[in-house]
Amino acid sequence: MNNKFPKALIPVIIIGIVFLIILFKATVTIGSGEGGVLYRTLDGGVVTDEPPMGEGFHFVAPWNSVFVYEVRQQSLEEKMQVLSSNGLEIKLDASTWFQPKYDDLGKLHKEKGEEYIERLLKPAVRSAARAVVGRYSPEQLYASKREAIQKEILEETQLLLKNQYVQVNEILVRDVSLPTTIKDAIERKLRQEQESLEYEFRLTKAQKEAERQKIEAEGKARANTILSQSLTDKVLKEKGIQATVELSKSNNAKVIVVGSGDEGLPIILGNN
């Protein structure tokens with residue numbers, strides 16, 4: 001029995017190994033939510049005039065390279081220290097939703113590189129945040145300007161990244177932190193303003209109630225004046241006669257009219 005390895009198989013094995021290496025180097029798999037940028041070593045470098053390589057299995061020449069980018073929406077968390085309009089330091093906690101522009105992936109790789117988030121996106125967001133926050137006072141930042149700040153930072157960032165192959169979808173300001181002394185002072189001021197508004201409301205309400213009572217009293221006085229002026233002796237006498245007639249019609253009393261009373265009115269006797 002010959003235990004020696006056949007020398008004729010050695011070239012076959014070597015060729016097989018080389019083939020496997022070439023096959024491995026000549027294939028690439030692009031995952032879900034990714035895009036591939038082809039680099040042609042012998043033919044112009046980064047491919048920018050063709051669409052990126054899509055998801056799936058691809059054959060490439062062994063001497064070429066493929067750079068894979070995530071093209072789904074991503075989130076960048078940033079904690080920044082910026083200055084307000086009066087120079088106070090404000091801490092801003094924000095999230096940026098972004099993604100590379102798919103059709104421009106080759107240009108992004110060629111001009112910005114794989115570190116585009118550090119080189120391009122972060123500086124743009126920070127610059128926009130400094131510019132926007134610098135327009136507002138601490139009171140405005142603390143009270144009700146968060147939505148306005150978000151919108152303005154987004155617009156500033158999009159302007160800075162125009163034609164830079166990165167798409168910024170949204171910027172969310174999660175927290176705006178002021179120095180403790182400034183925050184306490186603002187809260188005291190807000191409480192004082194609230195108390196002042198409440199006092200003014202009560203005062204206005206009391207003034208309106210007094211005005212209402214005055215108007216009501218004046219109305220009653222005018223009504224009494226008009227009534228007293230209209231009640232002449234003849235009117236009063238007529239009213240007295242009418243009342244006497246109505247009383248004489250009552251079934252609960254026996255009425256006897258005798259002579260006349262003051263002002264010529266009848267006298268009514270009887271209580272049955």
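Residue numbers run from 1 in the order of the sequence given.
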To the nearest 0.5 angstrom, please state how far the [atom1] atom of [X] sits from the [atom2] atom of [Y].
X      : Y      : atom1 : atom2 : answer
Leu38  : Glu50  : CG    : CD    : 7.5 Å
Trp63  : Thr41  : CH2   : OG1   : 9.5 Å
Asp175 : Lys91  : CG    : NZ    : 10.5 Å
Leu83  : Arg130 : CG    : CZ    : 9.5 Å
Leu105 : Thr48  : CG    : OG1   : 11.5 Å
Met53  : His58  : CE    : NE2   : 4.5 Å

Considering the options Lys110, Glu111, Lys107, which one meets the side-chain hydrogen bond (donor to acceptor under 3.5 Å, both in side chains) requirement together with Tyr165? Glu111
Are Ile30 and Val66 close enough, and set up right, to give a side-chain contact (heavy atoms from CB on, under 4.5 Å), and what steps lead you there? CA-CA 10 Å; Ile30 307 297; Val66 176; 4.2 Å; yes
Start with the C-alpha gap between Ser65 and Arg40, add the side-chain angles, then the distance that decides, and say whether side-chain contact (heavy atoms from CB on, under 4.5 Å) holds. CA-CA 7 Å; Ser65 303; Arg40 292 174 177 161; over 6 Å; no
Please check if the side chain of [X] supplies one atom and the backbone of [Y] the other of a donor-acceptor pair under 3.5 Å.
X      : Y      : result
Glu78  : Val125 : no
Thr157 : Ile153 : yes
Gln167 : Lys101 : no

Kindly assign one of parallel, tilted or perpendicular to the pair Tyr39 and Phe67, based on the angle between their ring planes and the thresholds 30° and 60°. perpendicular
Can you confirm whether [X] sits close enough to [Y] that some side-chain heavy atom of one is under 4.5 Å from a side-chain heavy atom of the other?
X      : Y      : value
Val71  : Gln99  : no
Tyr116 : Leu108 : yes
Gln74  : Glu70  : yes
Ser84  : Tyr136 : no
Leu121 : Leu76  : yes
Glu114 : Tyr69  : yes

Between Ser75 and Glu77, is any side-chain donor less than 3.5 angstrom from a side-chain acceptor? yes
If you group Ile, Leu, Val, Met, Phe, Trp and Tyr by side-chain heavy-atom gaps below 4.5 Å, do Tyr102 and Ile117 land in one group? yes
Please check if Met80 and Leu161 belong to a single hydrophobic cluster, counting links between Ile, Leu, Val, Met, Phe, Trp and Tyr side chain heavy atoms closer than 4.5 Å. yes
If you measure from the Lys or Arg side-chain nitrogens to the Asp or Glu carboxylate oxygens, is any gap between [X] and [Y] under 4.0 Å?
X      : Y      : result
Arg135 : Glu156 : yes
Glu115 : Arg119 : no
Glu118 : Lys112 : no

Identify the heavy atoms of [X] and [Y] that sit nearest to each other, and give their distance.
X      : Y      : answer
His109 : Val46  : CD2-CG2, 3.7 Å
Val68  : Glu34  : CG1-OE1, 3.4 Å
Ala128 : Leu160 : N-CD1, 4.2 Å

Test side-chain contact (heavy atoms from CB on, under 4.5 Å) applied to Val176 and Leu92, step by step: CA-CA 5 Å; Val176 178; Leu92 200 68; 3.6 Å; yes
Derivation of the side-chain contact (heavy atoms from CB on, under 4.5 Å) call for Val173 and Asp93: CA-CA 6 Å; Val173 176; Asp93 191 359; over 6 Å; no
